*Asks:* 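Below is the structure I would like to discuss, written out as structure tokens.
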Number of protein chains: 2
Amino acid sequence: MNVSTNMAAEDATLTIAAAIGEPARARMLFCLADGRARTATELVLVAEVSPSTASAHLSRLKANDLVRVVIQGKHRYYRLESPDVASVLEGLSVLAGRGRATVASGAPDHLRAARSCYDHIAGTLGVSVHDRLTAMDWIAPSSRANDGVYDVTAKGAKALNALGIDIDALRTARRRFAFGCLDWTERRAHVGGALGAALLTLALERKWVSREHGSRALQVTASGRRAFAAHFGVHLGVRL
Amino acid sequence: MNVSTNMAAEDATLTIAAAIGEPARARMLFCLADGRARTATELVLVAEVSPSTASAHLSRLKANDLVRVVIQGKHRYYRLESPDVASVLEGLSVLAGRGRATVASGAPDHLRAARSCYDHIAGTLGVSVHDRLTAMDWIAPSSRANDGVYDVTAKGAKALNALGIDIDALRTARRRFAFGCLDWTERRAHVGGALGAALLTLALERKWVSREHGSRALQVTASGRRAFAAHFGVHLGVRL
DNA sequence: ACAACACTTCGTTGGAGATCGAAGTATGAA
DNA sequence: TTCATACTTCGATCTCCAACGAAGTGTTGT
């Protein structure tokens with residue numbers, strides 16, 4: 001039983017890796033890595049293959065639980081199945097980058113500083129926000145330790161509500177409320193789940209950050225710089 | 001420049017994924033995931049291919065910096081290039097396991113509890129040891145924050161030396177002294193690097209844990225249970 | 001009802017790469 | 001020296017799967 005389950009697990013793992021390791025599929029996945037959903041036609045364009053070929057690729061990605069699809073009228077919206085997929089993608093790219101580009105010192109600065117991971121904020125900005133939220137006791141590891149899930153404290157709920165985040169609404173969402181999402185480049189956690197998504201949405205709405213076209217990079221605006229300092233005590237130095 | 005580097009990075013990442021996503025190569029990598037080195041012939045056996053085929057696979061893995069080889073006489077010892085490779089392997093297997101086996105609730109218990117990751121202790125045991133070492137102020141994040149690297153405190157050096165770990169020797173080793181190695185199953189860090197390896201070696205020597213044949217699982221012995229409690233304050237309950 | 005669009009399914013083709021055996025190099029052992 | 005072992009390189013198959021176009025299903029708009 002031990003060996004056979006091991007075999008099966010290795011098999012499934014290998015299949016996942018193979019699914020990622022094909023140019024057209026990889027392009028699609030990287031395109032979805034910012035957490036936004038795209039139609040099949042949009043993915044046809046980034047994959048640079050015919051619609052029929054793209055369709056085959058997408059159904060394979062779906063079969064392997066790497067993407068999830070929601071049908072809306074005559075459009076099919078594809079998105080990553082979970083933030084974990086984005087994390088693994090990032091892990092692989094760290095491995096890929098280490099060989100020759102150690103000189104370049106990790107990711108490009110604008111990507112290190114702030115970027116989206118799935119639908120929340122990652123990079124040094126994301127990690128800093130996570131750390132401040134923890135330090136200020138706005139969020140705390142949930143009762144069941146070791147599973148990386150967070151709860152919002154009473155103090156945190158008050159403060160976040162004041163910022164315009166409806167904590168109660170978030171709690172009733174079907175997805176995990178908040179969890180520590182591992183960031184490969186930083187080797188630290190940032191806030192994922194419904195709360196993480198709400199924070200990114202807030203930051204985009206208030207124009208604290210803006211998405212860079214066709215990239216996961218986030219630009220922190222001048223007002224955003226002030227806002228992160230005022231609300232969270234996160235000071236984005238010019239360093240790095 | 002932005003787009004082109006993005007493309008190149010995606011290309012490299014995709015190549016890594018493809019390298020893992022081939023049955024024979026995946027079997028080799030999983031075999032090496034416990035951090036021990038094996039000869040090419042041993043890997044021929046686990047890959048279940050001819051020597052010539054295995055040779056081609058190994059040179060590809062080497063070209064992609066997934067494994068490193070050290071030639072010793074007429075033997076070639078292959079080992080994973082870094083703990084990061086093992087981590088990515090684990091990340092992929094978490095993705096693979098999530099689809100159908102959510103019912104089985106993550107990894108098998110004996111793997112969750114204690115296992116080797118590369119050459120250090122992972123699983124709940126590894127995470128607990130990491131947390132206790134931090135809580136007792138034996139290790140602390142190094143001056144350059146956010147890079148996941150740890151230093152040993154004076155207090156920690158004394159205590160670890162008393163346990164038979166030669167801290168000074170570890171410091172002169174070419175590899176990183178200690179860092180937080182991300183554990184996908186636990187979503188928490190355990191101690192990696194030279195210190196992590198030394199801890200596993202110590203635990204094996206003193207028979208606190210024993211390796212399970214052909215698996216990364218570690219069996220905690222009765223005396224190990226007592227030792228982890230006495231030396232580190234890690235109490236391995238019967239729970240889970 | 002009909003046309004335009006968004007995708008998928010099917011059947012065929014083509015090419016990359018996994019495989020092997022045979023032959024070659026290097027090390028160690030008798 | 002000679003044989004055996006450990007591993008690689010080379011050249012030739014062969015298998016798998018990505019690719020496409022053509023035809024199908026389903027949805028929206030007019």
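The structure presented is a predicted model; accordingly, all values stated were derived computationally and were not measured. All values below were derived from every heavy atom in this structure, side-chain atoms included, with hydrogens, water molecules and symmetry-related copies excluded.
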*Asks:* Could you check whether B:Glu186 and B:Thr124, counting side-chain N and O atoms only, form a donor-acceptor pair closer than 3.5 Å?
*Replies:*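 Distance-only check fails for B:Thr124 and B:Glu186.
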*Asks:* How would you list all residue pairs meeting salt bridge (charged side-chain N to carboxylate O under 4.0 Å, His left out) that involve residues 66-76 of chain A, not counting sequence neighbours?
*Replies:*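 Sorted result for residues 66-76 of chain A: A:Arg68-A:Glu81.
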*Asks:* Please report the distance, rounded to the nearest Å, between CG in B:Leu58 and P in C:dG17.
*Replies:*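 Between P of C:dG17 and CG of B:Leu58: 18 Å.
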*Asks:* Please enumerate all protein N or O atoms sitting under 3.5 Å from an N or O of nucleotides 1-6 of chain D, with distances to 0.1 Å.
*Replies:*
| residue | atom | partner | partner atom | Å |
| --- | --- | --- | --- | --- |
| D:dA6 | O3' | B:Lys74 | O | 2.9 |

*Asks:* Taking only residues at least two apart or on different chains, which pairs with a member in residues 26-42 of chain A satisfy salt bridge (charged side-chain N to carboxylate O under 4.0 Å, His left out)?
*Replies:*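 Listed by first then second residue: A:Asp34-A:Arg36, A:Asp34-A:Arg38.
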*Asks:* Run the ring pair (Phe, Tyr, Trp, His ring centres under 6.0 Å) test against A:His190 and tell me which residues pass, sequence neighbours left out.
*Replies:*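 A:His190 satisfies ring pair (Phe, Tyr, Trp, His ring centres under 6.0 Å) with A:His120 only.
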*Asks:* Measure the distance from OH on A:Tyr77 to C1' on C:dA6 and round it to the nearest whole Å.
*Replies:*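 Taking OH of A:Tyr77 and C1' of C:dA6, I get 11 Å after rounding.
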*Asks:* Roughly, in whole Å, what's the span from CD1 in B:Ile71 to P in D:dT8?
*Replies:*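 Result: 8 Å.
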*Asks:* Do A:Tyr78 and A:His57 have their ring centres less than 6.0 Å from each other?
*Replies:*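 No: the rings miss the under 6.0 Å criterion.
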*Asks:* Does A:Tyr118 have any ring pair (Phe, Tyr, Trp, His ring centres under 6.0 Å) partners at least two apart in sequence or in another chain, and if so, which?
*Replies:*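 In terms of ring pair (Phe, Tyr, Trp, His ring centres under 6.0 Å), with neighbours along the sequence ignored, A:Tyr118 is linked to no residue.
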*Asks:* Could you tell me if A:Ser52 and A:Ser55 have a donor-acceptor pair between their side chains, going purely by distance under 3.5 Å?
*Replies:*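 There is no such pair between these side chains.
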*Asks:* Find the distance B:Lys62:NZ to D:dT9:P and express it as a whole number of Å.
*Replies:*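 Those two atoms, NZ and P, are 10 Å apart.
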*Asks:* Between the protein and nucleotides 17-20 of chain D, list every N/O to N/O distance that falls short of 3.5 Å.
*Replies:*
| residue | atom | partner | partner atom | Å |
| --- | --- | --- | --- | --- |
| D:dA18 | OP2 | A:Arg25 | NH1 | 3.4 |
| D:dA19 | OP2 | A:His57 | NE2 | 2.5 |
| D:dC20 | OP2 | A:Ser50 | N | 2.8 |
| D:dC20 | OP2 | A:Ser50 | OG | 3.2 |
| D:dC20 | OP2 | A:Thr53 | OG1 | 3.2 |

*Asks:* Name the nucleic acid region contacted by B:Tyr78, choosing base, sugar-phosphate or nothing; use a 4.0 angstrom heavy-atom cut-off, strictly under.
*Replies:*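 Answer is sugar-phosphate: B:Tyr78 comes under 4.0 Å of backbone atoms only.
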*Asks:* To the nearest Å, give me how far apart CD1 (B:Ile20) and P (C:dG17) are.
*Replies:*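 Value for this atom pair: 17 Å.
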*Asks:* Provide, to the nearest angstrom, the distance between the CG atom belonging to B:Leu61 and the C1' atom belonging to C:dG17.
*Replies:*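 The distance from CG of B:Leu61 to C1' of C:dG17 comes to 14 Å, rounded to the nearest Å.
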*Asks:* Taking NZ, NE, NH1 and NH2 as the nitrogens, is one of them in B:Arg171 or B:Asp166 under 4.0 Å from a carboxylate oxygen of the other?
*Replies:*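 Here B:Arg171 does not pair with B:Asp166 in a salt bridge, since their nearest N and O are not under 4.0 Å apart.
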